[in-house]
Amino acid sequence: MTRILIAEDEERLAAFLEKGLKAEGFATTVVGDGDTAAAVAHEDEFDLLVLDLGLPGKDGMDVLRELRARGSRLPVVILSARDETVEGLELGADDYMTKPFRFDELLARIRVRLRDQPSADTLVLAAGDLSLDLRTRMAAVDGRTIELSAREFTMLEVFLRHPGQVMSREQLLSHVWGYFYDPGSNVVDVYVGYLRKKLGKDRIRTVRGMGYALSE
């Protein structure tokens with residue numbers, strides 16, 4: 001059974017989430033503070049974390065930062081009355097919903113994130129001398145280890161799952177930034193530039209008028 005950890009200190013909301021998710025067939029565990037959330041998420045096996053930012057003790061951002069620093073790939077969906085979307089996603093959250101929210105939308109987003117998880121035989125993606133370890137979130141080129149930011153990692157993962165395929169800016173925005181992006185932003189071009197600096201300028205080619213592709 002899919003296990004979801006709910007880190008939420010508002011008792012009524014936590015009970016609402018637990019009841020709704022159990023009704024959908026998920027096994028749930030509820031914690032009400034950040035220190036417990038970080039410890040339980042690290043020590044136990046969960047498939048997804050629903051994380052409130054305004055937790056007592058460690059706040060949600062600290063919990064998320066600690067998980068990613070440990071190399072955890074646990075999918076995290078943030079719930080918060082505070083709109084800190086960009087910071088949360090940059091730290092490695094997979095999605096972000098601002099309170100108040102509709103449960104059916106939260107449920108849909110949880111299911112999408114669960115479907116995105118790699119199987120045991122796809123924990124390392126590779127194309128030529130380029131590889132990406134999905135457990136450690138580290139890339140390697142010709143044996144040289146390369147550290148990546150959260151967004152660089154996600155973008156490279158998208159390219160490696162579609163080697164040689166042209167990915168439009170809109171596709172990359174959707175995959176990397178999820179529901180939260182400005183279609184007119186140049187953020188894709190900026191991050192492609194970051195990856196080229198780290199991986200080699202010819203690693204990702206520009207397909208004029210269409211987007212970008214990972215060179216095979």
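Worth saying up front: this structure is predicted, and the values here are computed from it rather than measured.
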Would Asp94 and Arg68 pass as an ion pair if we require N to O under 4.0 Å? yes
Is it possible for you to say whether Leu130 and Val166 belong to one hydrophobic cluster, with membership spreading through side-chain heavy-atom contacts below 4.5 Å? no
What verdict does the side-chain contact (heavy atoms from CB on, under 4.5 Å) test give for Glu8 and Val50, after you've listed the backbone C-alpha separation in whole Å, the side-chain angles of each residue and the deciding distance to 0.1 Å? CA-CA 8 Å; Glu8 172 59 65; Val50 176; over 6 Å; no
Smallest heavy-atom separation, Ser149 atom then Lys198 atom, equals N-NZ, 4.2 Å
Heavy-atom closest pair (Ala213 atom, Gly164 atom, distance to 0.1 Å) is CB-O, 4.1 Å
Is the closest side-chain heavy-atom distance between Asp62 and Asp59 below 4.5 Å? yes
Please report the interatomic distance CD1(Ile6) to CZ(Phe26), rounded to the nearest 0.5 Å. 10.5 Å
State, with a plain yes or no, whether a side-chain heavy atom of Arg113 is found less than 4.5 Å away from one of Arg109. no
Look only at the side chain of Ser131 and the backbone of Val124, and say whether a donor-acceptor pair between them is shorter than 3.5 Å. no
What I want to find out is whether Asp129 reaches Arg203 closely enough, with some N-O distance under 4.0 Å, to be called a salt bridge. yes
Modelled atom types, side-chain donor and acceptor of Arg111 and Thr2, under 3.5 Å: no
Nearest heavy-atom approach of Asp35 to Gly57 is OD2-CA, 3.5 Å
Starting at CG of Leu21, measure out to OG1 of Thr28 and round the result to the nearest 0.5 Å. 6.5 Å
Are Leu214 and His162 packed together at the side-chain level, in the sense that at least one heavy-atom pair is separated by less than 4.5 angstrom? no
Can you tell me how far apart CD1 (Ile204) and CG (Leu195) are? Round to the nearest 0.5 Å. 4.5 Å
Do Met155 and Val188 have side chains that approach each other closer than 4.5 Å (heavy atoms only, starting at C-beta)? yes
Please round to the nearest 0.5 Å and tell me the distance separating atom CE of Met138 and atom CG of Leu148. 7.5 Å
Would you compute the distance between atom CD of Glu24 and atom CD1 of Ile110 and round it to the nearest 0.5 angstrom? 9.5 Å
I'd like to check Phe46 versus Arg3 (side-chain heavy atoms, cut-off strictly below 4.5 Å). Are they in contact? yes
Ile4 and side chain to side chain contact (heavy atoms under 4.5 Å, CB included): which partner among Val77, Leu48, Thr29? Leu48
Tyr212 and side chain to side chain contact (heavy atoms under 4.5 Å, CB included): which single residue from Arg205, Gln165, Arg169, Met167 fits? Arg169
Over all heavy atoms of both residues, which pair between Leu160 and Ala126 is shortest? Give the atoms and the distance, please. CD2-C, 4.0 Å
Do Leu172 and Met210 land in one hydrophobic cluster if side-chain heavy atoms of ILVMFWY residues count as linked below 4.5 Å? no
Are any of the side-chain heavy atoms of Asp33 and Leu55 separated by less than 4.5 Å? no
Once the angle between the rings of Phe16 and Phe103 is folded into 0 to 90°, is it parallel (under 30°), tilted (30 to 60°) or perpendicular (over 60°)? perpendicular
Heavy atoms of Val187 and Leu173 approach each other most closely as CG1-CD2, 3.6 Å
For residues Leu106 and Leu79, determine if any side-chain heavy atom of one lies less than 4.5 Å from a side-chain heavy atom of the other. yes
Do Phe159 and Leu132 have side chains that approach each other closer than 4.5 Å (heavy atoms only, starting at C-beta)? no
Answer yes or no for Arg151 and Tyr191: cation-pi contact, defined as NZ/CZ to six-membered ring centre under 6.0 Å and angle to ring axis within 45°. no
If I compare all heavy atoms of Ala93 with all of Ile78, which pair ends up nearest, and what's the gap? CB-CD1, 3.7 Å
CG of Leu5 to CG of Leu49, rounded to nearest 0.5 Å, is 5.0 Å
Step by step, would you call Asp52 with Leu13 a side-chain contact (heavy atoms from CB on, under 4.5 Å)? CA-CA 10 Å; Asp52 177 44; Leu13 179 54; over 6 Å; no
If you count the non-hydrogen atoms of other residues, nucleotides and ligands that lie under 6.0 Å from NZ in Lys99, is the total more than 12? yes
Flag, side chain of Glu10 to backbone of Arg12, donor-acceptor distance under 3.5 Å: no
